[in-house]
Amino acid sequence: MHDDNEPKAGGTLSRQDRRAHRRSRVLWGATLMADGVDGEVTCTVVDISAGGAKLMLNEKLIGRDPDLLSVVTPGERVTLSVRASGSVPAEVVWQEGDRAGLRFLIDPADVRARFPGVVPPD
């Protein structure tokens, strides 16, 4: 039997295997904001866990507004506002094209409380 936490052939874990939290697929309208940047980045949350979220960014934004694009720069601290559930402080971990990944900056239990019935237990 294969343990998903064991390294794959070649000695490395896949991105999925390194995740600390189980994810749920969602399609939620949201915005990203950062201190010192006027405006907000519209996006769609495509999956979420107690530790973070994967986003699809508004395609019209990509390549058009350097100030707004700075919001999705890895290392940037942002606020993710989900229309139905309020705001969550986060850090941009990665950004590739129209996709980005966030790490939430609050306790996983608090994330689960903000998104009851959606964010799975670990």
Side-chain angles (χ1 to χ4, degrees):
M1 185 163 108
H2 182 274
D3 179 350
D4 283 338
N5 292 319
E6 289 179 14
K8 304 288 185 219
T12 62
L13 293 173
S14 71
R15 180 185 283 182
Q16 180 69 37
D17 292 336
R18 289 189 309 254
R19 291 182 178 154
H21 305 283
R22 292 179 39 219
R23 295 183 169 262
S24 289
R25 291 188 188 274
V26 296
L27 286 174
W28 292 341
T31 57
L32 280 180
M33 296 163 282
D35 288 340
V37 177
D38 289 332
E40 57 190 29
V41 175
T42 58
C43 59
T44 301
V45 180
V46 296
D47 75 30
I48 189 165
S49 75
K54 180 178 174 182
L55 310 176
M56 183 170 57
L57 306 171
N58 180 336
E59 291 179 27
K60 293 178 184 173
L61 168 72
I62 304 302
R64 293 209 178 158
D65 189 333
D67 288 337
L68 284 180
L69 280 176
S70 71
V71 171
V72 292
T73 300
E76 185 72 34
R77 289 185 178 246
V78 296
T79 300
L80 174 68
S81 294
V82 177
R83 291 182 185 119
S85 301
S87 300
V88 181
E91 179 182 357
V92 178
V93 177
W94 60 268
Q95 186 267 323
E96 297 172 2
D98 67 346
R99 307 288 170 148
L102 303 180
R103 178 178 60 87
F104 294 139
L105 300 176
I106 61 175
D107 186 83
D110 292 337
V111 175
R112 287 187 196 92
R114 289 185 192 202
F115 304 104
V118 177
V119 175
D122 295 333

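Quick caveat, the model's predicted, so the values are computed rather than measured.
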Visitor: Can you find a pair of side-chain heavy atoms, one from Leu32 and one from Leu102, that are under 4.5 Å apart?
Guide: yes

Visitor: So, applying salt bridge (charged side-chain N to carboxylate O under 4.0 Å, His left out) with Asp47, which one of Arg25, Arg22, Arg23 is it?
Guide: Arg23

Visitor: Filter on salt bridge (Lys or Arg N to Asp or Glu O under 4.0 Å), then keep only pairs touching residues 72-85, sequence neighbours left out; what's left?
Guide: none

Visitor: If the condition is side chain to side chain contact (heavy atoms under 4.5 Å, CB included), which residues does Thr31 pass it with, not counting sequence neighbours?
Guide: Met33, Glu40, Thr42, Ser81

Visitor: Can you tell if the side chain of Val82 reaches within under 4.5 Å of the side chain of Val88, non-hydrogen atoms only?
Guide: no

Visitor: Counting only N and O atoms by type, is there a donor-acceptor contact under 3.5 Å from the side chain of Gln95 to the main-chain atoms of Gly97?
Guide: yes

Visitor: Under 3.5 Å, which donor-acceptor pairs do the side chains of residues 103-118 form with other protein atoms, sequence neighbours left out?
Guide:
residue, atom, partner, partner atom, Å
Arg103, NH2, Glu91, OE1, 2.4
Asp107, OD2, Ala109, N, 2.9
Arg112, NE, Pro120, O, 3.4
Arg112, NH2, Asp122, OD1, 3.3
Arg112, NH2, Asp122, OD2, 2.9
Arg114, NH1, Ser87, O, 2.2

Visitor: With the side chain counted from C-beta on, respond yes when Leu27 and Thr44 share a heavy-atom pair under 4.5 Å apart, and no when they do not.
Guide: yes

Visitor: Can you give me the closest heavy-atom contact between Val92 and Val71, atom names plus distance?
Guide: CG2-O, 3.5 Å

Visitor: Using 0.5 Å steps for rounding, measure from the OG atom of Ser24 to the CD1 atom of Ile48.
Guide: 8.0 Å

Visitor: Taking side chain as C-beta onward, heavy atoms only, is Leu55 less than 4.5 Å from Val46?
Guide: no

